[in-house]
Structure formats: C-alpha cells, structure tokens
Novice: 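Here it is: the structure, laid out below.
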There are 2 protein chains.
Amino acid sequence: MSTLEPGRGTHVVTMRDVAKAAGVSVATVSNVINDKPGARIGDEARQRVHNAVAELAYRPNMLAKTLSQGTSRFIGLVADAIATTPFAGQIIHGAQDEAWKNGYVLLVANTDGNQAAEDEAIAMMLEHQVQGILYSTWYHREITVPPMLQQTDAVLVDCFASGSGLASVVPDEEQGGRSATEGLLAAGHRRIAFINTTTPSPAQSGRLAGYRAALDAAGIDFDESLVFLATPEQEGGFVSTTDIIASGASAVFCHNDRVAMGLYDGLREKGLRIPEDMAVMGFDNQDVIAAHLRPPLSTVALPHYELGAAGVRMLLGLESSSGAVPTLIACPPILRHSI
Amino acid sequence: MSTLEPGRGTHVVTMRDVAKAAGVSVATVSNVINDKPGARIGDEARQRVHNAVAELAYRPNMLAKTLSQGTSRFIGLVADAIATTPFAGQIIHGAQDEAWKNGYVLLVANTDGNQAAEDEAIAMMLEHQVQGILYSTWYHREITVPPMLQQTDAVLVDCFASGSGLASVVPDEEQGGRSATEGLLAAGHRRIAFINTTTPSPAQSGRLAGYRAALDAAGIDFDESLVFLATPEQEGGFVSTTDIIASGASAVFCHNDRVAMGLYDGLREKGLRIPEDMAVMGFDNQDVIAAHLRPPLSTVALPHYELGAAGVRMLLGLESSSGAVPTLIACPPILRHSI
DNA sequence: CTGAAAGCGCTAACAC
DNA sequence: GTGTTAGCGCTTTCAG
C-alpha cells in the first residue's frame, strides 16, 4: 500500500515532526492547528506550519489531545436493542448527528437487555472517559436505573425512571393519541373506535388519554364499548375486525401501524374498502409499512430521531431538562390516504 | 465549563492514588491490574493493590492506556444510512457484538451518503486511532472507495469495489436466489415465476442467476416469459399481479418481501388464496413484514448481522479475506406458510 | 520481587 | 511572536 505502515492504529507523523519540518516549536504547531484565540503567530510561521501539515499528511492524535486536556469528546449510547425494532436505529442516528454537530463522537453499545452486558458496557464507557451516557430502550417504558449509571451524567431516552432524578426524554403519547383522533374527527367521523394494546405501558395509557381528550374537545361522549384490546401486531388487528365492524364505528384509531396492517387484511377480507367504508389511523409511522399499505396509511410518527438528538442536547446542557419530569417530544401526525 | 462537577465525567482517582493507598509503586499497580504475565508480584502486595482499587473505586483511563501503548481498541463503522432501511441496523449490531467480543469498541458514524460527511467521519476516526474502518452501505452494491479509506485498514460491508484490493463481505445473492427457488421446487411447483427488480444491482443479477441455477438443476427449462420486472416495493408487486396470473405459474419468487407484500394484496383482490392458488416466496426476511403477513411469508434472510460480524473479524485478521473477491455470506431460507 | 524514570502525543503556562 | 517545559494517566524497560 505505502511506505509507512498505516492502518496499524498509530500513524507515524507526530506534531513534533511537523514542528521540525516547519522549523518551529510544537507549541506553535499546536497553536496554529487549533487556531488558538489568544495566540500571536507570524503569518510566515503559520504558513510554514500549514505547509508542513499538508506535506506530511499530519493528523492529530485525538486520544493524546483529550488526555492532556482532561476532557474527552465521547458520548456513550447504551441500547437494550439496537435493531430489534426497525426504527430504534433512528435513535442512534439522531444521537449520532447531534453529537457530531457538537464535536462529539458516539460510542455505541448494545446490551440485548442483558444486565451483565449492560454493566460491562457502562464500565467500558466510563473507562473511555465519556462525557455522559444516553441510556435508551427500544420502546417507551419505565425502567429501573442501572446503579452504575449514577457514576456519570446520564439521560434516559425513550424511557424514564420516576424518582431517579435522571433527565429523560420520551415521546408525547397523549398528544399523539389526540392528534390521531383529531385527524379522524377532522374527516367528519364521530363514531371512532380505538384498538388499544393489551400491554400496560405509557403508550397504552397515553394514547387512550389522547383519544379521550380529542373526543372530549369535540364534544363527543366517550363510549367504552368503542375501545378494544388487541396484541400490538398484525394478528391483533386482524382478529379485531369483526368487533370493529360490529361496533358501528366509521373510523378506527389503531394502537400502531402493525395493528392497522392486520386490520387492513381483515377489512379487505370482509369486502370493506378503506377509507370509504372504514377510515383507519395508525401510530408509529413504521416506514416499511405505513407508506406502502393500500391505501397508504395515515398515522402518527414516533419521533425516534428527535429523541436521540434531544437526548444528547440535554446531556450536553444545550437544552434544559428536568430530573423530575420527562421531556416530551411531539409525535407529528402524518396524513396519507386511509382516512 | 463543568469544573463544578468533579465526580462526573472524569474521575479523580488515578493509578497513582491507588499506588499510594496500597503503599506500592505505580508500576506494581499497573502490573497487578493488567495481570502482567512476566511480572512476579508478592501475594501480599497484590492483595493490597486489589483492596485499594476496590476502596477507591479506581477505574483505569483507557485513553491514557492506549496512548502509552500506541495501539487503540477502536474500530470505526461508517454507514451511508444507519436507519434508512430498517434492517441495516443489524449490521451495526453484528459489528458491535463482534468488536465487543474481541475487546474493541465501535465508533459509529452515519454519513447519509454525503461525501463531505463521509470524509469528515473517516478523518475523525483516523484521529481517534482506530484499528481500522468498516465501510458499509444499506443495500448490496458496488461503490467507489473514498480515497481517505486507503489511509487505514478497511473492509467493505454489504458493498464491494472491484480492483480496489479492499476486503469485502456481501450476501450470497445467487445462493439466496437458488434457495428461494428450491423451496418452491421442493413443494412440487414446476412453473415458477420470478418478479425481479427493475434496478440493476448484484441482487438483480445474483438472484436471477440463482433462480436459473435451481431450475436448471431440477431439469426445468428457463422460460424467459416467466420473469417479470417491477419496482422493488409493494407497488411493484401489486401491479405485477395480473401478469403473474396470466403467466400460468403456480408459484412466484419475489425479488423481496415488500414486493411479495404487494403481490399478496393483488392476489387477494383477485380472490386467489396463498398458497393454495399461488405459492409465494420473498427475499430479505424483513421482520416487520415477513412473519406477519397472512399467511406468514416464506423468504430468504439477508444476513445483515453476520455481515457486520464477519466484517470486524476480517478487519481483525480473525478470518481470512481476499482483497480480490468478496467474501460471501449465506442467505438462509426461512420457511413459513406461503408455500 | 518492586520501584524509578522515561516516554506516548499533545496542551498550557510561562519564559525569552 | 515563539520556544521551553511541565504534566495528563498509564506502560515499560531497567536497576536494585
């Protein structure tokens, strides 16, 4: 490949080499490279340094730099499941972008929900002098904070731990539920069913609360017989079909897109058309599904990217956060053609 | 900035503190902590060190360690799209697990396919003294290698660059196509249609080659009129429905799961049942879709996790690799109920 | 068996 | 303006 031996982790040319080549001291090199504010450097010397840098293809050693400065530019992200759910990756994406934007780099660890792996991951991050840790889960829920997390700054992403005092950022389920319902209401529906999940969770209670709030605001009485429970995937939606039809509703708000997908199948099987015979609204905006159903599904997006980004902003102190109550990120409605 | 937060972020206790507390020298502490092979340490001293470590909650500074050793334990992963496609995240996951297993930590960067971001990402990784870089794309394709990548060891994941000399690991599209077709063949089908993608790609040619190979092996003549072209998502599958039915095939191998999903809709609309009236086979094993269609879709899995894992193994020299020809990872067939 | 000392590559006072 | 010189926290000869 080349004469020097690159790739083996360390590159040969150091700041001292540059200094020598430019005929200046390392301090000068350091100053021009970092464009140090209070440093007076002659134009001529500065130019020589820049030339030498280019000449030697010098690349600063970040590790040495942070060592001497005492402050690293790492942010850790520990996730219980990086890819179990398709969109969880967006949390990484958002965190990575925001970290990057602020000159930080992301250290990622996946723990698969394994306690030991989790501790090891946190330990490793601490050893790497991370500025702080983002602890994230792949679906919104309450967690108990790993004790080791207390040893550094941390913010919980897509999860929370009441009483822990840790900052946390989660999706605004209630607003999401409200928006979803409002979308249906706006289309003129008044008898709106809701297929909620069987799993107790912030999503379960939040979306229901939102649904009720929207109905309320529209002056429609909440009708218990219009809310159904189903497992949160295709099968759940499918088996709910008859109940939905029997309910006399003209529209359904589904706990998530997968349920909506199952419902699509069920409805089609019964010969009903969407949205003519039944309007349907999903939740999550799962990209493989929502936009490609027939007809494309109207839904509410889970702001994973924003969750990750807001998490690092809070960690970096760029955005205020409360240890007492989770910061809510809006779930924007996405209108397509199922309404 | 955060000088008021002493215990956070950077920890105060250093190896020197431990040495002092244990009444030994730092060299001794270093030796016992790293369990240095050639170092004879008195049991008594060793014990005192361990006590001191526990007492002070000492945590080694990885950055200082790698600085002095000259060799870091970082591996970089640059991806053009971490989450654009749901399962791309599995590449990260696999890479992370394997890196971790070998005592390395993953530095992740997402470039969104942006050239400048890419260069910046690689530069940053180089500055962090990474052992090497995994360069990955979210779908299998040929790329032109970013010049900067030449400055370190690199392996291409889910992509390749012929003539670059870089090691590369990609899915075995042809074997996947063969397996898919064989699955259909094994169920007794002889007239098997193939909906291929309109996009020229290794997937397009590889899967077709596999399809032909399987037919060939079964003694069935390749019938050009049985292969159709469609855009690689739901819509493509849906609009292909009439062609498929008209072709007289009893089974269809779809370029991917999304196409299969569209076809499901089309078939259902025509009143045809799967698999009784038409057997269908997908490709990708996209988890939100495949397992949850009605009936669950038989498909072939894209080994993203393995791709990531194999990539770091090759980078670390744990697995042989050729710079000339990509290493192929098998795409295992997943049989469900659509056949 | 254990300690002193010389760096690793860089930054940050403080001289000159 | 620019160079000298201490470290940062740790590893690693090399004496004793």
Side-chain angles (χ1 to χ4, degrees), chain A residues 8-50 52-53 56-74 126-130, chain B residues 1 3 6 9-50 52-53 56-74 126-130:
Chain A
R8 258 8 193 161
T10 35
H11 50 261
V12 250
V13 25
T14 120
M15 208 164 89
R16 187 142 54 222
D17 300 325
V18 177
K20 189 136 47 73
V24 299
S25 75
V26 295
T28 302
V29 175
S30 175
N31 282 339
V32 356
I33 284 184
N34 298 312
D35 225 348
K36 250 330 180 42
R40 340 219 117 282
I41 310 278
D43 278 354
E44 208 254 339
R46 180 183 303 275
Q47 195 47 54
R48 287 211 310 278
V49 170
H50 279 135
V53 165
L56 305 176
Y58 167 68
R59 198 180 296 290
N61 181 329
M62 212 55 181
L63 272 38
K65 178 172 184 160
T66 67
L67 210 219
S68 84
Q69 285 183 153
T71 160
S72 98
R73 311 239 78 188
F74 286 122
L126 259 18
E127 290 177 2
H128 281 84
Q129 317 301 118
V130 291
Chain B
M1 190 195 266
T3 32
T10 32
H11 53 262
V12 253
V13 24
T14 124
M15 208 165 90
R16 184 143 56 225
D17 300 325
V18 177
K20 188 136 48 71
V24 298
S25 76
V26 296
T28 301
V29 174
S30 174
N31 283 337
V32 356
I33 283 183
N34 298 313
D35 224 350
K36 252 313 174 59
R40 332 223 123 282
I41 309 277
D43 279 353
E44 208 253 339
R46 180 182 303 274
Q47 195 48 53
R48 287 212 310 277
V49 170
H50 279 135
V53 166
L56 306 176
Y58 168 69
R59 199 182 294 290
N61 181 331
M62 213 54 181
L63 272 38
K65 179 171 186 161
T66 69
L67 209 218
S68 84
Q69 286 182 154
T71 161
S72 97
R73 311 238 78 189
F74 285 123
L126 259 18
E127 289 177 2
H128 281 86
Q129 316 301 115
V130 293

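Computation of the quantities below employed the complete heavy-atom set of this structure, encompassing side-chain atoms and omitting hydrogens, waters and symmetry-equivalent molecules. Throughout, a chain's letter reflects where its sequence line sits, starting with A, and its residues are numbered from 1.
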Novice: Quick one, V24(B) and R48(B) - any side-chain contact, counting heavy atoms below 4.5 Å?
Specialist: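 The answer is yes; the side chains approach within 4.5 Å.
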
Novice: Grab the CE-C1' distance between M15(B) and dA5(C) for me, whole Å please.
Specialist: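 Checked: the CE to C1' distance equals 13 Å.
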
Novice: Mind checking if V24(B) touches a base, just sugar-phosphate, or nothing, with heavy atoms under 4.0 Å?
Specialist: sugar-phosphate

Novice: Looking across every strand, which nucleic acid part, if any, lies under 4.0 Å from I41(A) by heavy atom: base, sugar-phosphate, or nothing?
Specialist: sugar-phosphate

Novice: Distance check needed: dG9(D) P versus Q129(A) CD, whole Å only.
Specialist: 9 Å

Novice: If we fit an axis to the first five pairs and another to the last five of the helix from dC1(C)-dG16(D) to dC16(C)-dG1(D), what angle do they make, to the nearest 10°?
Specialist: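 So the angle between the two local helix axes works out to 40°.
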
Novice: Please tell me if S68(B) has a side-chain N or O lying less than 4.0 Å from either OP1 or OP2 of dC10(D).
Specialist: no

Novice: Look at R16(B) and dC8(D) and indicate whether a side-chain polar atom (N or O) is within less than 4.0 Å of OP1 or OP2.
Specialist: yes

Novice: For a quick test of reading the model: is some side-chain N or O of K65(B) closer than 4.0 Å to OP1 or OP2 of dC8(C)?
Specialist: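 It does not, given that no N or O in the side chain of K65(B) lies less than 4.0 Å from OP1 or OP2 of dC8(C).
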
Novice: May I ask you to verify if any side-chain N or O of N34(B) is less than 4.0 angstrom from the OP1 or OP2 atom of dT11(D)?
Specialist: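 N34(B) to dT11(D) OP1/OP2: side-chain N or O found under 4.0 Å.
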
Novice: At less than 4.0 Å, is any side-chain N or O atom of S30(B) found next to OP1 or OP2 of dT11(D)? Yes or no.
Specialist: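 For S30(B), the contact criterion (side-chain N or O under 4.0 Å from OP1 or OP2 of dT11(D)) is met.
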
Novice: Here's a test of your reading of the structure: between E44(B) and A64(B), which maps to the more 5' nucleotide of DNA chain C?
Specialist: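 Its nearest nucleotide being more 5', the pick is E44(B).
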
